[in-house]
Amino acid sequence: MERLGDIVANWLYQSRRELKLLFLNQESISTNTISIFLIVLFAIVPLSVFFLISGSKFSLVQIIGSYLFVVLLFILSLVAVIAWYKLQELLKSNAQGFSFESLSLSRIDADFFGFDQEDLQNLLRLVNGLPVEQKIVIRETPRNKQSGNIRFLFTLLDLIVRGGIFRTGTKLKESLNVLIMERFTFQNSDINPSTLPSSYSKWCSSTEAGSYDEVRKEISKALGTL
C-alpha cells in the first residue's frame, strides 16, 4: 500500500508540475489550444476509457452521440468560464485593476459626503466596475470639514477598495493615481497629480499613527458598512 501511495503521489506531483508549466506559458498558447487540451483530457479521454472498460455493447450511433453530447457540454462549460473571467477583466479594467466592496445606495449618507444624485450613481457604477458618466465630486461639507481634502479621499478609497490602499506597491500606487484622476474631482479645484505621491505618503504615516481613526469610523457609518 505504501508503495502504491508513493506511485500515486509522484504521478500527482508530475501532473501538477506539468499543468503549472503549461499555464505559466499560457501567454504563448492560445485560449483555443488550451480549451482543446482540456476537452481531450477531461471529456474525450474519460469517455473513451469508459467505453473500453465497460462490458456493455454500444452501437455506433450511441458512441458518436455520447462523444458529441459530452464535448458540447464541456465546450459550453468552458465558454461560460472564459466569459466569466473575461467579464472580470473588463470590470477591473474599468477601475484600474481594483475591486470594491459592495455598497447599498439606500444606506449611504449623501449629506455626509455632500454627494448629489449623480455622485451617488457614479459611485455605485465605480464599485460595480462600470465606467462613470462623470467624475465624482468631493465637496467640503459642514459635518466633517475634510471632504475637499485628498487625504479624506484616500481614507474613503481605503474603506471601499477590497484589501485597502494602505502601503500599496509601486504599480498599484500608479493605478491608484490614475483612478483618482479619472474618477474624482474637488468642487472648487482640480486634483493636482504632482502632489499625489507626497500626499499618499503623508496619509499612510498619519493613518499608521491612528490620526484618521475617528474619520474612518465616520466614513464607515456614512457608507453604511459599520
Side-chain angles (χ1 to χ4, degrees), residues 84 87-169 171-226:
W84 170 257
L87 173 62
Q88 298 307 308
E89 289 178 6
L90 287 173
L91 292 177
K92 284 189 175 183
S93 68
N94 279 325
Q96 296 301 317
F98 293 101
S99 57
F100 296 83
E101 302 291 346
S102 298
L103 296 177
S104 172
L105 184 63
S106 61
R107 300 183 66 182
I108 297 175
D109 184 350
D111 291 335
F112 176 87
F113 298 104
F115 287 157
D116 58 22
Q117 194 61 34
E118 286 75 19
D119 292 322
L120 288 174
Q121 291 297 331
N122 283 309
L123 178 63
L124 288 183
R125 292 176 69 86
L126 171 66
V127 299
N128 284 287
L130 301 172
V132 296
E133 295 178 349
Q134 62 187 39
K135 291 184 178 181
I136 301 166
V137 182
I138 303 298
R139 297 175 174 84
E140 191 77 23
T141 65
R143 289 183 55 179
N144 54 64
K145 299 295 184 182
Q146 298 184 59
S147 292
N149 187 309
I150 188 62
R151 298 187 202 176
F152 177 89
L153 178 54
F154 283 139
T155 305
L156 170 63
L157 288 171
D158 193 41
L159 290 169
I160 65 175
V161 171
R162 287 182 181 169
I165 62 168
F166 180 76
R167 302 289 189 199
T168 60
K171 188 174 181 179
L172 277 179
K173 276 193 284 189
E174 292 174 356
S175 297
L176 177 64
N177 291 345
V178 175
L179 176 71
I180 290 174
M181 295 304 300
E182 289 186 350
R183 304 305 177 93
F184 296 92
T185 184
F186 292 146
Q187 185 177 21
N188 297 317
S189 62
D190 293 330
I191 297 174
N192 187 349
S194 64
T195 64
L196 286 177
S198 59
S199 296
Y200 176 79
S201 179
K202 291 176 182 177
W203 172 81
C204 285
S205 298
S206 298
T207 299
E208 194 169 25
S211 301
Y212 293 108
D213 287 353
E214 193 60 35
V215 175
R216 291 176 70 88
K217 289 180 182 178
E218 292 179 359
I219 295 176
S220 296
K221 288 179 181 178
L223 289 171
T225 58
L226 185 62

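Counting begins at 1 with the first residue of the sequence.
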**ring-ring contact (aromatic ring centres under 6.0 Å, His included) partners for Tyr200, two or more places apart** = Phe154, Trp203
Are the side chains of [X] and [Y] in touch, meaning some heavy atoms are under 4.5 Å apart?
X: Asn192; Y: Ile150; value: no
X: Phe184; Y: Leu157; value: yes
X: Asp116; Y: Arg139; value: yes
X: Leu196; Y: Met181; value: yes

At what distance, to the nearest 0.5 angstrom, does [atom1] of [X] lie from [atom2] of [Y]?
X: Glu218; Y: Phe113; atom1: CD; atom2: CZ; value: 10.0 Å
X: Thr185; Y: Ile191; atom1: OG1; atom2: CD1; value: 5.5 Å
X: Ile165; Y: Leu176; atom1: CD1; atom2: CG; value: 4.5 Å
X: Ile160; Y: Ser102; atom1: CD1; atom2: OG; value: 11.5 Å
X: Ile108; Y: Leu120; atom1: CD1; atom2: CG; value: 6.0 Å
X: Leu172; Y: Phe98; atom1: CG; atom2: CZ; value: 5.0 Å

**Request:** Please lay out, stage by stage, how Arg216 and Thr207 fare under the test side chain to side chain contact (heavy atoms under 4.5 Å, CB included).
**Result:** CA-CA 9 Å; Arg216 291 176 70 88; Thr207 299; 4.3 Å; yes
**Request:** Name all residues meeting the side-chain contact (heavy atoms from CB on, under 4.5 Å) criterion together with Gln121; count only those two or more places apart in sequence or in a different chain, and write none if there are none.
**Result:** Leu105, Gln117
**Message:** Under the rule for side-chain contact (heavy atoms from CB on, under 4.5 Å), what residues qualify as partners of Ser220, not counting sequence neighbours?
**Reply:** Leu159, Thr225, Leu226
Identify the heavy atoms of [X] and [Y] that sit nearest to each other, and give their distance.
X: Phe115; Y: Ile138; result: CE2-CD1, 4.3 Å
X: Tyr212; Y: Ser206; result: CE1-CB, 3.2 Å
X: Asn122; Y: Gln134; result: ND2-CG, 3.2 Å
X: Lys173; Y: Thr168; result: CG-OG1, 3.1 Å

**Complete:** Residues at least two apart in sequence or cross-chain that pass side chain to side chain donor-acceptor pair (under 3.5 Å) with Ser199, listed by chain then number, are none
**Asked** Should we say atom NZ of Lys202 is surrounded by more than 12 heavy atoms from elsewhere, each under 6.0 Å from it?
**Response** no
**Message:** Applying salt bridge (charged side-chain N to carboxylate O under 4.0 Å, His left out), can you list everything that pairs with Arg107, at least two apart in sequence or on another chain?
**Reply:** none
**Asked** Can you name the salt bridge (charged side-chain N to carboxylate O under 4.0 Å, His left out) partners of Glu208, sequence neighbours left out?
**Response** Arg167
**Request:** Would you sort out whether Phe112 and Ile219 count as a side chain to side chain contact (heavy atoms under 4.5 Å, CB included), showing the intermediate values?
**Result:** CA-CA 8 Å; Phe112 176 87; Ile219 295 176; 3.9 Å; yes
**Request:** Kindly indicate, with the supporting measurements, whether the criterion side chain to side chain contact (heavy atoms under 4.5 Å, CB included) is fulfilled by Leu126 and Leu179.
**Result:** CA-CA 10 Å; Leu126 171 66; Leu179 176 71; 3.9 Å; yes
